[in-house]
Amino acid sequence: MPGITREEVAHLARLSRLELKSEELDHFAEQLNDIVDAVARVSEIAAEDVPPTSHPLPLTNVMRADEVRPSLRPDEVLAAAPAAEEQRFRVPQILGED
Amino acid sequence: MSVIDLVPYEEALASYDPVMGLEVHVELGTKTKMFCGCSTALGAEPNTQVCPTCLGLPGSLPVVNATGVESAIRIGLALNCEIAEWCRFARKNYFYPDMPKNFQTSQYDEPIAFNGYLDVELEDGEVFRVEIERAHMEEDTGKSTHVGGATGRIHGAEYSLLDYNRAGIPLIEIVTKPIVGAGDRAPEVARAYVAELRELIRALGVSEARMEMGQMRCDVNLSLMPKGAEKFGTRSETKNVNSLRSVERAARFEIQRHAAVLNEGGTIVQETRHFHEDNGSTTSGRIKEEAEDYRYFPEPDLVPVAPSREWVEQLRGELPELPRVRRQRLQSEWGISATEMQSALNAGAIDLILATIDAGAPADQARKWWLGELARRSNEDGVELASLPITPAQVAKVSALVAEGKLNDKLARQVIEGVLAGEGEPDEVVAKRGLAVVSDDSALGDAIDAALAAQPDVADKIRSGKFAAAGALVGAVMKATRGQADAARVKELIFEKLGVQPE
Amino acid sequence: MADLTRYTAAETASAIATGEVSAVEVAQAHLDRINAVDEKVHAFLHVDTDGALEAARAVDAKRAAGEELGPLAGVPLALKDVFTTKGIPTTAGSKMLEGWRPPYDATVTRRLKEAGVVILGKTNMDEFAMGSSTENSAYGPTGNPWDLSRIPGGSGGGSAAALAAFEAPLAIGTDTGGSIRQPGAVTGTVGVKPTYGSVSRYGLIAFSSSLDQGGPCARTVLDTALLHEAIAGWDPMDSTSINAPVPAVVAAARHADVKGMRVGVVKEFGGEGYQAGVMQRFNESVELLRSLGAEIVEISCPSFTYALPAYYLIAPSECSSNLARFDAMRYGLRVGDNGERSAEEVTALTREAGFGPEVKRRIMLGTYALSSGYYDAYYGSAQKVRTLISRDFDRAFGDVDVLISPTTPTTAFPIGERADDPMAMYLADLCTIPSNLAGNAAMSVPCGLAPEDNLPVGLQIIAPALADDRLYRVGAAVEAALNDKWGHPLLEEAPAL
């Protein structure tokens with residue numbers, strides 16, 4: 001397996017929305033490398049014919065009826081908001097598409 | 001951004017074959033959201049239809065709405081799809097403030113429905129088969145309002161306000177396989193497909209699919225390949241094209257734009273584009289610094305959906321008559337041409353006409369009103385026919401008043417106008433505006449006498465057998481009665497007074 | 001009057017029910033104890049004095065009115081700060097949620113309240129339950145009551161320490177890779193990870209959804225069983241919850257008899273890397289079970305050696321997605337919003353400031369493992385290992401009733417020793433992780449002190465899914481035999497605080 005470079009850590013940090021400091025990039029690159037080295041072992045026994053388990057229970061079709069349940073009150077909804085206005089969450093300008 | 005000179009449409013099609021992919025999102029009309037019990041009713045105050053789950057609060061968990069799954073299966077069946085025996089939800093991971101969990105609960109490589117088709121009919125009756133890749137379940141996002149910018153758009157805004165009432169409303173995303181071979185009719189096919197899909201969704205009763213309300217939204221993916229080539233070109237993805245007309249225009253514009261870029265030896269960038277209703281153009285969205293990596297994985301908070309074959313067959317058996325079949329039936333019942341049927345479809349008038357007939361109007365009258373006066377109004381106002389503030393029952397009532405001789409055509413139009421203006425039921429409009437036909441002979445008598453006295457020469461012509469001249473007198477009487485007279489009766493009375501008997 | 005904080009939960013409930021003491025007296029005794037020792041132990045992040053006394057008064061009023069009380073009515077409890085409590089601060093040990101008062105109760109919280117359990121407060125934990133030492137709490141570490149310079153295990157170190165420090169007779173933990181059992185082992189208390197799906201996760205702040213499981217912690221096996229019954233059972237709010245009766249764990253805890261049971265010793269857990277004293281106490285436990293009439297069988301589960309790597313792919317992957325919601329938009333911390341920065345920048349600055357290093361490390365590891373191009377090699381392979389581990393368990397349980405192993409390879413290590421060595425830290429969960437991956441039930445029960453450091457050692461018992469009752473039968477038998485041998489429960493040997 002290829003090692004995780006500083007650039008790759010920076011990329012992962014962007015994907016994960018973490019504004020890492022420069023020294024963190026180096027530190028995490030080293031640690032993630034060690035961890036990835038160790039965990040890459042899983043492929044040793046993960047043969048083609050072994051089905052993956054995403055869930056420990058064999059449950060299927062858990063559904064609820066289409067019946068309205070009470071919602072939260074707006075004051076409860078907004079109580080923890082860092083900022084609110086007009087009963088809406090106020091957030092910094094959103095970049096990107098409109 | 002540089003302005004490109006578009007290649008004329010015919011010229012573009014002479015050198016290239018368009019390949020389209022259409023992705024349509026339909027908001028289901030379930031009572032509650034896809035993964036929680038919050039109401040989906042429209043028009044609520046902001047953030048009043050949210051709970052820990054659709055707000056993405058720490059610790060909250062989703063539970064699947066059974067009706068959402070049922071609707072997805074019914075849509076899949078109506079689109080001639082296979083229904084998965086076992087499928088899962090997946091998380092689509094990306095950050096966006098309108099998405100409370102910063103992942104969308106969707107389906108990835110295991111959609112509930114796949115491999116289907118929809119036959120669509122073009123204006124001239126040609127039938128084109130659009131292959132369906134998949135239909136899958138997912139959830140809608142919240143709504144942001146941008147404050148401080150000049151236009152209310154994101155760019156230039158100082159901050160945004162978020163309302164999560166819409167977050168979590170069930171969506172079905174229907175994705176076509178690449179649509180090839182439509183040639184110069186590609187934009188028309190795109191429009192007809194979306195129109196047919198809308199009819200289908202409405203016929204199933206799973207959504208009102210009102211595009212102007214965002215209940216149905218379309219992304220148009222388009223690429224060109226040089227004639228004779230086999231490999232698809234690079235595509236552009238025009239997002240949120242939200243009317244039938246726009247779907248057609250967006251496809252047309254992109255064909256011309258791609259051709260221009262390719263003719264100049266340029267390459268098409270795979271990007272998101274925005275459609276502009278005002279001039280029918282598209283512009284580039286944000287250029288992404290890096291390719292999207294949604295890191296899909298099976299949603300661990302939900303268990304697989306495994307619709308039993310019994311259930312699927314039961315739902316198949318309960319499907320309503322599908323729109324195209326129904327149109328063929330109605331066309332023959334109503335005795336109209338394919339083109340007339342097509343314009344009724346395009347106007348979104350079929351159900352309204354049927355409802356008007358159900359309310360007692362003759363078929364031809366129902367068609368006449370919805371495709372005439374009311375279609376004109378909906379075009380003028382830029383709203384869908386169904387959104388006009390008049391009901392089929394009201395149209396039927398107007399039609400009945402005409403049949404009873406209480407209104408003539410001209411008055412009937414005024415009554416419709418009154419209903420649209422919110423003046424009440426047809427009867428009330430008639431009363432308030434004083435629109436009843438004057439058929440009281442004595443009331444008409446004075447007006448007729450006055451007309452005869454004013455135009456003695458015309459009276460003479462009639463006496464001498466030139467009956468057609470009566471029109472001038474009828475006109476004068478109608479004018480005097482402000483159009484409220486029954487024109488046929490006026491004519492009869494004139495002949496009576498002059499002692500002539502035409503025919 | 002006797003020291004009410006030394007009562008077991010069963011004794012406390014009985015004393016309240018008979019009127020020997022009031023629930024308020026019991027609650028006050030524990031609040032006093034917390035006041036006296038928690039400055040040193042730091043088991044609690046928030047003590048809800050008013051709420052606790054009010055709940056106790058309600059129990060007393062019910063009794064006065066002649067109403068029937070549940071088996072845990074009036075018994076105080078320490079709740080891991082990863083379950084939401086309406087109106088009461090809930091932080092998951094993170095700066096990200098400092099000051100957050102949830103607008104809703106977790107299902108576990110609601111069940112506890114309905115049972116008349118008196119919730120004393122919220123306990124310290126590794127941030128978002130990621131860790132094995134409680135050192136990753138944004139609010140400072142918790143000390144192990146046996147030796148305050150040592151870790152109490154993690155992530156539920158606060159809950160385990162509260163029990164060992166006699167601040168509460170009952171506690172709730174969550175176990176994603178061992179976070180109930182490992183703290184239980186190193187503090188000399190009992191902890192159970194129930195079968196996945198038997199305790200609702202609704203309101204449990206998710207770390208790794210397919211592995212997380214809430215569970216009971218106490219000082220005795222019977223108390224643990226009583227709490228297990230109070231919190232377990234189907235919940236329509238949790239799609240992964242099992243709609244089946246809860247195994248009769250209280251009855252099993254009262255039926256401490258292993259005669260004729262087949263007990264498998266997992267061959268892969270032991271040897272190199274295991275502290276000698278831990279192995280010594282474990283081997284003695286094996287002999288003890290044999291002497292009590294159990295049949296001992298050695299069982300090999302070869303894929304267990306891949307459990308740790310699989311876990312460190314699956315848990316970070318799920319957490320990278322679960323923790324994406326902490327974006328500074330709707331609740332919690334917001335950093336750097338100066339009116340100029342975009343939402344995107346504010347999210348990134350907030351996450352940088354609000355998450356500790358272990359959380360960041362796992363988020364990035366998970367993001368990596370799920371990335372296109374790596375998914376199959378990492379996440380995909382890990383899910384296959386999960387299948388193989390389940391097969392090993394199935395094979396083993398075809399032969400034996402329960403499996404046993406040491407709960408942890410070592411006793412409590414000193415605070416700071418492994419703080420910046422993630423790989424060393426991860427080894428603490430070596431023996432506990434397979435049960436999370438397979439979703440079955442497991443318990444840690446004290447089995448003595450390691451001779452070299454006089455610190456508690458835990459015996460892990462593993463039962464098939466939905467056979468949680470077997471844990472209690474075996475655990476109670478071991479507990480009774482050892483208490484007989486020692487003449488008192490192990491915790492009485494803990495030094496005074």
Side-chain angles (χ1 to χ4, degrees), chain B residues 35-37 47 50-65 89-105 108-109 142 144 146 148 154-155 157-162 164 167 286 290-305, chain C residues 82-84 90 92 94 96-97 100 102-104 106-107 128 197 200-206 208-212 235-241 314 317-318 320-332 337 339-340 343-344 347-348 366-373 375 379-380 383:
Chain B
F35 302 112
C36 67
N47 294 308
V50 293
C51 71
T53 297
C54 58
L55 201 54
L57 292 189
S60 64
L61 292 173
V63 186
V64 172
N65 182 339
F89 286 95
R91 292 186 182 180
K92 181 181 183 180
N93 293 288
Y94 66 101
F95 283 85
Y96 211 75
D98 63 8
M99 203 165 51
K101 298 167 291 181
N102 287 313
F103 61 78
Q104 182 187 34
T105 308
Y108 180 47
D109 50 356
S144 41
H146 307 297
I154 280 183
H155 302 288
E158 284 165 23
Y159 59 92
S160 301
L161 297 177
L162 288 163
Y164 292 103
R286 184 170 54 131
E290 33 207 320
E292 287 290 354
D293 186 348
Y294 293 123
R295 288 159 283 133
Y296 282 101
F297 72 104
E299 165 59 277
D301 285 329
L302 292 171
V303 301
V305 175
Chain C
V82 74
F83 285 96
T84 59
T90 301
S94 180
M96 199 57 111
L97 282 175
W100 185 52
Y104 77 110
T107 298
F128 289 109
S200 170
R201 292 186 297 114
Y202 186 72
L204 191 182
I205 298 177
S208 180
S209 310
S210 75
L211 303 169
D212 294 343
D235 179 13
M237 299 297 280
D238 176 358
S239 306
T240 62
S241 130
I314 292 167
S317 294
E318 292 184 6
S320 72
S321 175
N322 282 331
L323 269 58
R325 69 192 62 201
F326 300 102
D327 63 359
M329 299 293 118
R330 292 160 298 279
Y331 46 79
D337 182 9
E340 298 291 319
E344 200 173 2
T347 297
T367 302
Y368 179 75
L370 289 175
S371 295
S372 61
Y375 182 95
Y379 191 72
Q383 300 284 46

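Quantities reported herein were computed from a predicted structural model and do not represent experimental measurements. Throughout, a chain's letter reflects where its sequence line sits, starting with A, and its residues are numbered from 1.
In this structure, chain B has a heavy atom under 4.5 Å from the backbone of P236(C), while its side chain stays farther away. Heavy atoms closer than 4.5 Å to chain C are found in both the backbone and the side chain of F297(B). Neither the backbone nor the side chain of T90(C) comes within contact range of chain B; no heavy atom of the residue lies under 4.5 Å from a heavy atom of that chain. Contact annotation for L211(C): neither backbone nor side-chain heavy atoms come within less than 4.5 Å of a heavy atom of chain B. Only the side chain of N93(B) comes within less than 4.5 Å of a heavy atom of chain C; its backbone N, CA, C and O stay farther away. Only the side chain of T84(C) comes within less than 4.5 Å of a heavy atom in chain B; its backbone stays farther off. The parts of L55(B) that come within reach of chain C are both its backbone and its side chain, each placing non-hydrogen atoms under 4.5 angstrom from that chain. Proximity to chain B (any heavy atom under 4.5 Å) is restricted, for Y375(C), to the side chain, taken from C-beta onward. Heavy atoms of Y164(B) lying under 4.5 Å from chain C belong exclusively to its side chain.
For the residue pair N322(C) / R91(B), a side-chain donor-acceptor distance below 3.5 Å is found, with atom types taken as modelled.
The two residues P300(B) and R201(C) have their closest heavy-atom pair at O-NH2, 4.1 Å. Considering every non-hydrogen atom in both G56(B) and Y331(C), the closest pair reads O-OH, 2.8 Å. Between T240(C) and D301(B) the shortest heavy-atom distance is CG2-O, 3.8 Å. Smallest separation of non-hydrogen atoms from S60(B) and Y104(C): N-OH, 3.1 Å. Nearest heavy-atom pair, V63(B) versus S239(C), reported as atom, atom and distance to 0.1 Å: CA-OG, 3.5 Å.
Within the model, atoms CG of N102(B) and OG1 of T347(C) stand 7.0 Å from one another, a figure rounded to the nearest 0.5 Å. Here CD of E299(B) is found 6.5 Å from OG of S209(C). Values are rounded to the nearest 0.5 Å. If you take OG on S372(C) and CZ on R295(B), they are separated by 9.5 Å, rounding to the nearest 0.5 Å. Taken to the nearest 0.5 Å, the CZ atom of R325(C) stands 11.0 Å off from the CZ atom of F95(B). Once rounded to the nearest 0.5 Å, the distance linking CE of M237(C) with SG of C51(B) reads 7.0 Å. Rounding to the nearest 0.5 angstrom, the gap separating the NZ atom in K101(B) from the CZ atom in R330(C) is 11.0 Å.
Taking L162(B), L61(B), T53(B) one by one and counting their heavy-atom pairs under 4.5 Å with chain C, the maximum is reached by L61(B). Highest contact tally toward chain B, considering only S321(C), S208(C), A343(C), A206(C), is held by S321(C) [criterion: heavy-atom pairs under 4.5 Å].
A 4.5 Å side-chain heavy-atom check between P298(B) and Y379(C) finds at least one atom pair inside the cut-off.
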